[in-house]
Number of protein chains: 2
Amino acid sequence: MSSSSTARARARAELTQEIVDIARGQLATSGAAGLSLRAVAREMGMVSSALYRYFPSRDDLLTRLIIDGYDAVGEAVERSDAAVDPEDVAGRLVAVCHAVRTWALAHPHEYALLHGSPVPGYSAPQDTVGPAVRDTVVLGRIIGDAWASGRLVLPDGDLPAGSPLADDLDVVREMMPGVPAAVVVRAVALWATLYGMVSFEVFGTLDNVVRERDALFDHTVRGLVAWIGLRADGRGDGVGGAA
Amino acid sequence: MSSSSTARARARAELTQEIVDIARGQLATSGAAGLSLRAVAREMGMVSSALYRYFPSRDDLLTRLIIDGYDAVGEAVERSDAAVDPEDVAGRLVAVCHAVRTWALAHPHEYALLHGSPVPGYSAPQDTVGPAVRDTVVLGRIIGDAWASGRLVLPDGDLPAGSPLADDLDVVREMMPGVPAAVVVRAVALWATLYGMVSFEVFGTLDNVVRERDALFDHTVRGLVAWIGLRADGRGDGVGGAA
DNA sequence: TCCGTGTCAAGAGCACCGCTCTCGCTTCTG
DNA sequence: CAGAAGCGAGAGCGGTGCTCTTGACACGGA
């Protein structure tokens, strides 16, 4: 009918999606390095060379999987943020951290693709940066909201004006306008702890070390949220914390 | 001469070492996934099948590289700890964190091998756990020393007895005997932040975000060392901190 | 309706990979 | 000194990403 959806175009779109789905399935079983165009083609009943009509190289297929992965975790983060009372900034931050961890534990190989060793010859194209920062944008919005609503207390005073960090971190800072540098720096530390902790879990570092990983993660995140300067105001609820 | 060092044995030891060295060189240029036995053999002027006399499989060569990597960072950590006045526990902890980062930035591909995505088919054999925890043992010793010398102040009171974390983390806890659970848990968080931050740097996450990475790292580590409950007693020096 | 154009799957082939096996040769050892 | 063990070279297996050519098919304009 319409010029933009001929039978050919529809078939192409469907096949492209099928390739991505099968590739993601193989990612889950064999990991990123084990992703094989030939294996995908075999599973589709096609010949490997035919796949190059849809993805010019293995790296392009990988890029697609990476973008999809960033979008998946980004959406999970945005949804978990939206599910919490907007006034409860501390609760939102805790929820967002849990969302990242939950998604990562459910999709370990995709997480490894996003936050593990970079693929040697591969460098992420520009298309990936948008999806890649969706989670960080949410972090910035929460901290920004907290500051705007006065629920953020400066930890130990701001950084001294002479500090080299005082004028750095522009990209992060513009996500949370007005927030003092000391808090921005601590937010970055929280982010590093989040991904460090999740990587420890997903990559197996904590395997024979911690049994109660849920409790450890929750306790750590709540502790750091408080360390940033966020108190659970408004509702007494939300960030129960320990003790 | 002596029964244990025939010409053959010496040649074997030297060739084995040469294989490892060339493999490490290729690791630095091509990454772990690009490590090729055939390429190593080519560079040595040998035939690929001959390498199997020295390493039964590519994974065994990888294991050797992993063990060497853990030993290298472990030694760097131990040396940096020993270089600081033993009384200055906060300074020791800061120095150890910097040692990890410095080594990682100098050997990014080896760091990726140790703390990046696990290789799909590969699972680390038991020989690796000893070298793998050398750095963590140093962390434990520092925290233990701090507690024993009374320089560790409990942050907000210990964890409640009923907390599931109170009886967990046995492996970490026995590295720092007597230290209260609340501090142990925070030490784990510090460790996660350290490796999260270093991974951010090595894997390029901070590439267009932070310019003053040295300052950011140092500031973050000092902040978290204080957060654990460590104050710079004894000497006023050592942990200058911000503000 | 028909025909040129563009898209498609398929196949052969290139260079590379990890790994196995066999074959002579050297070296060590009883 | 003779047998055993270690060694490098070579051929070969099945796998990989990727390229190029070929022939069939669907599409859209005349």
Side-chain angles (χ1 to χ4, degrees), chain A residues 1-20 22-23 25-27 29-66 113 119-123 125, chain B residues 1-20 22-23 25-27 29-66 113 119-123 125:
Chain A
M1 286 291 175
S2 93
S3 66
S4 67
S5 98
T6 68
R8 246 218 277 263
R10 273 185 288 108
R12 181 179 181 82
E14 284 177 14
L15 274 181
T16 304
Q17 188 57 49
E18 187 179 346
I19 292 172
V20 172
I22 292 182
Q26 298 203 345
L27 198 72
T29 62
S30 313
L35 176 62
S36 151
L37 285 187
R38 290 180 122 106
V40 173
R42 213 177 300 130
E43 193 169 332
M44 295 181 66
M46 281 172 53
V47 129
S48 70
S49 58
L51 291 195
Y52 287 84
R53 300 269 179 204
Y54 299 89
F55 291 95
S57 77
R58 180 179 177 274
D59 281 3
D60 290 86
L61 178 53
L62 220 63
T63 297
R64 170 65 182 267
L65 291 173
I66 290 175
L113 192 60
V119 181
Y122 175 87
S123 85
Chain B
M1 288 293 174
S2 93
S3 66
S4 66
S5 100
T6 67
R8 215 172 359 222
R10 272 185 290 109
R12 181 178 180 84
E14 283 177 16
L15 275 181
T16 304
Q17 190 57 48
E18 187 179 346
I19 292 172
V20 171
I22 292 181
Q26 298 202 346
L27 198 71
T29 64
S30 313
L35 176 63
S36 149
L37 284 187
R38 288 180 124 107
V40 173
R42 214 177 300 129
E43 196 169 329
M44 295 182 65
M46 283 172 55
V47 129
S48 71
S49 58
L51 290 195
Y52 287 84
R53 300 274 180 200
Y54 300 88
F55 290 95
S57 79
R58 179 180 177 275
D59 282 2
D60 289 87
L61 178 53
L62 222 62
T63 298
R64 169 64 181 267
L65 291 174
I66 290 176
L113 190 61
V119 181
Y122 176 86
S123 86

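All chains are named by letter (A, B, ...) in the order of the sequence lines, taking the proteins before the strands, and each is independently numbered beginning at 1. All figures in this text were calculated on a predicted structure; none of them were measured in a lab. Basis for what follows: all heavy atoms, side chains included, without hydrogens, waters or symmetry-related copies.
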Does Tyr52(A) place a side-chain N or O at less than 4.0 Å from the phosphate oxygens OP1/OP2 of dA9(C)?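 Answer is no, no contact under 4.0 Å.
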OP1, OP2 of dG17(D) versus side-chain N and O of Ser36(A): anything below 4.0 Å?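 Checking dG17(D) against Ser36(A), a side-chain N or O does come within under 4.0 Å of OP1 or OP2.
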Give one of base, sugar-phosphate or nothing for [X], where a contact means two heavy atoms less than 4.0 Å apart.
X: Ser49(B); value: base
X: Tyr54(A); value: sugar-phosphate
X: Leu15(A); value: sugar-phosphate

What is the separation between atom [atom1] on [X] and atom [atom2] on [N], rounded to the nearest whole Å?
X: Leu35(B); N: dC16(C); atom1: CG; atom2: C1'; answer: 14 Å
X: Arg53(B); N: dC21(C); atom1: CZ; atom2: C1'; answer: 10 Å
X: Arg10(B); N: dT26(C); atom1: CZ; atom2: C1'; answer: 16 Å
X: Ile19(A); N: dC8(C); atom1: CD1; atom2: P; answer: 10 Å
X: Phe55(A); N: dC8(C); atom1: CZ; atom2: P; answer: 13 Å
X: Asp59(B); N: dG18(C); atom1: CG; atom2: C1'; answer: 10 Å
X: Leu61(B); N: dC17(C); atom1: CG; atom2: P; answer: 14 Å
X: Met46(A); N: dA9(C); atom1: CE; atom2: P; answer: 4 Å

Are [X] and [Y] side-chain neighbours, meaning at least one heavy-atom pair lies under 4.5 Å?
X: Val40(B); Y: Glu43(B); value: no
X: Thr16(A); Y: Arg64(A); value: yes
X: Leu51(A); Y: Arg38(A); value: no

Is there a donor on the side chain of Arg12(B) or the base of dG6(D) sitting less than 3.5 Å from an acceptor on the other?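 Looking at the base of dG6(D), it does not pair with any donor or acceptor on the side chain of Arg12(B) (distance under 3.5 Å).
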Base dG15(D) paired with Arg38(A) side chain (donor-acceptor, <3.5 Å):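 Between dG15(D) and Arg38(A), which were checked side chain against base, a qualifying N/O pair under 3.5 Å is absent.
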More 5' along DNA chain C: Ser48(B) or Arg8(B), using each one's nearest nucleotide?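 Result: Ser48(B).
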Residue closer to the 5' end of DNA chain C, Ala7(B) versus Arg58(B) (nearest nucleotide):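 Here Arg58(B) is the residue nearer the 5' end.
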Out of curiosity, Gln26(A) CD to Leu65(A) CG, how far, rounded to the nearest 0.5 Å?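 Separation between the atoms: 10.5 Å.
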Answer yes if the side chains of Thr63(B) and Asp60(B) hold a donor-acceptor pair under 3.5 Å, and no otherwise.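 Per modelled atom types, Thr63(B) and Asp60(B) side chains form no pair under 3.5 Å.
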